[in-house]
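Remarks on the structure that follows.
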Amino acid sequence: MKGITFTGNRKLEILNFDDPSPGPRDVILEIKASGMCGTDLGAYRSPNGRVAVGVNKIDGPVIAGHEPCGIIVEVGSAVLAEEAKIGDRVMNHHYDGCGTCRHCNTGWTQMCLDGAVAYGYGGHGAHAQYMKVPAHSVVKLDNKLSFPTGAAIACGTGTAYGALKRASVVGDETIAIFGQGPVGLSATLLAVAMGARVIAVEPSSERRQMALDWGAEVAIDPSSDDPVSAIKDLSHGEGADKTFDCTSSIDARRAAVQSTRIWGTSCMVGVGGDLHIDAMNDLIFRQLNIIGHWTFSKVLLSDCARFIADRNINLDDIFTHEWSIADAEKAYELFDNGKTGKGVFTSFDI
């Protein structure tokens, strides 16, 4: 089979790999949709095509892609039918850990005390026709949901849902979401569905319009307006109840904290970068909560899919581009410029 690998400095190659075979507790997915995530850009832009996420168990090139969705086509000898069977439509919680520590036992495999493998980084990912994953890591996909929707939920949209839940967003709140890439835009959509009032902050005019189309009440351009002042003007001078940074930008993170009201909560979602604030004036004297959020548990992955299915949310509209891996170079060049919505690979023939 062919698979996309990042080689460093915004370059990639499509290489030949052996079709995977399952171990006793593994399943083989035929990938039907593999989403492109902002975290992929960290590896794509890095000097060696890698980022330090989890434990690395691959010598040599690694197949990229950590938003897998597809059909089970082969199961290992020790996999029970009630766990997974051939023909199941599934998403993948893209981590593997020891399976016995308290974090693995609660579905937070990425927090494994012995270290976790993150597929697409330390293990082969989903930008290929087939993918081997542990049986415990698959979550069934509701028949109402498309494979691209399942791929989005498998990381970007699931991360947004997890962040909103971690910050306990409720329907009478005003929230500000910094960054309207795939994660931020998903957060906007889901928060609106939860009943919250959303203020979107995004420098790209294309992405600001997408945020408005998906229910944001206001979309602020931080390159022309001070987002802290604008958010306070929209919230009776107090600031937003909850803020979310989905950018990892130092400036956006500081603005997210400073535009949160007294006693409010600011959630850091974007991976990478630093947080520079005045601890006394930005945090202590304002009784602020600052929390971090990293992806989601297996349970939250299932909950997010159910939330979307039950409310008939058309998440397919989050995708502005659908690609074949033959067009991988063009796909990542376009995604890298920060003006598109979400992209997804749905064809793996070359």
Side-chain angles (χ1 to χ4, degrees), residues 1-20 28-70 92 94-95 117-133 147-148 150-152 154-157 159 179 181-183 204 206-207 247-248 270-273 295 318-350:
M1 68 181 184
K2 304 285 188 180
I4 299 170
T5 66
F6 299 134
T7 58
N9 296 315
R10 292 179 163 87
K11 301 294 183 184
L12 57 81
E13 291 183 5
I14 299 172
L15 301 177
N16 289 312
F17 293 87
D18 292 335
D19 290 353
I28 304 299
L29 306 184
E30 181 180 356
I31 299 299
K32 297 298 185 181
S34 179
M36 300 168 69
C37 177
T39 310
D40 292 326
L41 293 177
Y44 175 70
R45 295 165 178 166
S46 72
N48 63 357
R50 298 282 189 115
V51 293
V53 179
V55 176
N56 181 21
K57 290 200 172 181
I58 300 291
D59 292 327
V62 177
I63 299 172
H66 62 275
E67 297 191 342
C69 190
N92 173 242
H94 56 276
Y95 306 97
V117 175
Y119 293 103
Y121 299 103
H124 288 314
H127 284 357
Q129 186 175 6
Y130 299 105
M131 181 181 177
K132 178 173 75 172
V133 301
F147 288 116
C155 184
T157 300
T159 294
V183 174
S204 163
E206 294 88 349
R207 287 180 169 179
T247 71
S248 76
V271 174
T295 58
I318 201 172
F319 294 100
T320 57
H321 295 80
E322 190 170 312
W323 300 100
S324 164
I325 63 168
D327 301 315
E329 187 172 351
K330 179 181 178 182
Y332 270 98
E333 284 177 357
L334 188 63
F335 189 36
D336 190 35
N337 72 24
K339 294 185 178 181
T340 69
K342 194 169 182 66
V344 61
F345 292 102
T346 56
S347 174
F348 302 93
D349 295 326
I350 295 180

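Bear in mind that the values here come from a model prediction, so they are computed numbers and not experimental data.
Side-chain contact between Val62 and His124 is present, with at least one heavy-atom pair separated by less than 4.5 Å. Residues Tyr130 and Leu29 are not in side-chain contact: their nearest non-hydrogen atoms beyond the backbone lie 4.5 Å or more apart. Under the 4.5 Å side-chain criterion, counting only non-hydrogen atoms from C-beta, Ser248 is not in contact with Val271. Looking only at side-chain heavy atoms (C-beta outward), Thr346 and Phe319 stay at 4.5 Å or farther from each other. With contacts defined as side-chain heavy-atom distances shorter than 4.5 Å, the pair Leu41/Tyr332 qualifies.
Shown here are the side chain to side chain donor-acceptor pair (under 3.5 Å) partners of Thr295, two or more places apart in sequence or in another chain: Tyr95, Gln110. Checked against side chain to side chain contact (heavy atoms under 4.5 Å, CB included), Asn48 has the following partners two or more places apart in sequence or in another chain: Ser46, Arg50.
Here the options are His127, His94, Lys342, the test is side-chain hydrogen bond (donor to acceptor under 3.5 Å, both in side chains), and the partner is Glu67; only Lys342 passes.
Taken to the nearest 0.5 Å, the CG atom of Leu334 stands 12.5 Å off from the CD atom of Glu329. With rounding to the nearest 0.5 Å, the separation of CD in Gln129 from OG in Ser347 is 9.0 Å. Note that CZ of Phe335 and OG1 of Thr320 are 9.0 Å apart. Values are rounded to the nearest 0.5 Å. Here CG of Asn92 is found 9.5 Å from SG of Cys69. Values are rounded to the nearest 0.5 Å. The line from CD1 of Ile63 to CD1 of Ile14 is 11.5 Å long, rounded to the nearest 0.5 Å. For the atom pair NZ (Lys132) and OH (Tyr119), the distance works out to 8.0 Å, reported to the nearest 0.5 Å.
Between the side chain of Ser34 and the backbone N or O of Ala126, at least one donor-acceptor pair lies under 3.5 Å.
Smallest separation of non-hydrogen atoms from Met36 and Phe345: CG-CE1, 3.7 Å. Pairing each heavy atom of Phe17 with each of Leu15, the nearest pair is CD1-O, 3.5 Å. The shortest heavy-atom contact between Leu12 and Ala328 is CD2-O, 3.7 Å. Closest of all the heavy-atom pairs between Ile58 and Gly123 is CG1-CA, 3.7 Å.
Between Tyr121 and His66, the side chains place a donor N or O and an acceptor N or O closer than 3.5 Å (distance only, hydrogens not considered).
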For residues 3-11, which side-chain N or O atoms pair as donor and acceptor with protein atoms under 3.5 Å away, sequence neighbours left out?
from	atom 1	to	atom 2	distance (Å)
Thr5	OG1	Glu13	O	3.2
Thr7	OG1	Lys11	O	3.2
Arg10	NE	Asp336	OD2	2.5

Problem set entry | Worked check of side-chain contact (heavy atoms from CB on, under 4.5 Å) between His321 and Val344 | CA-CA 7 Å; His321 295 80; Val344 61; over 6 Å; no
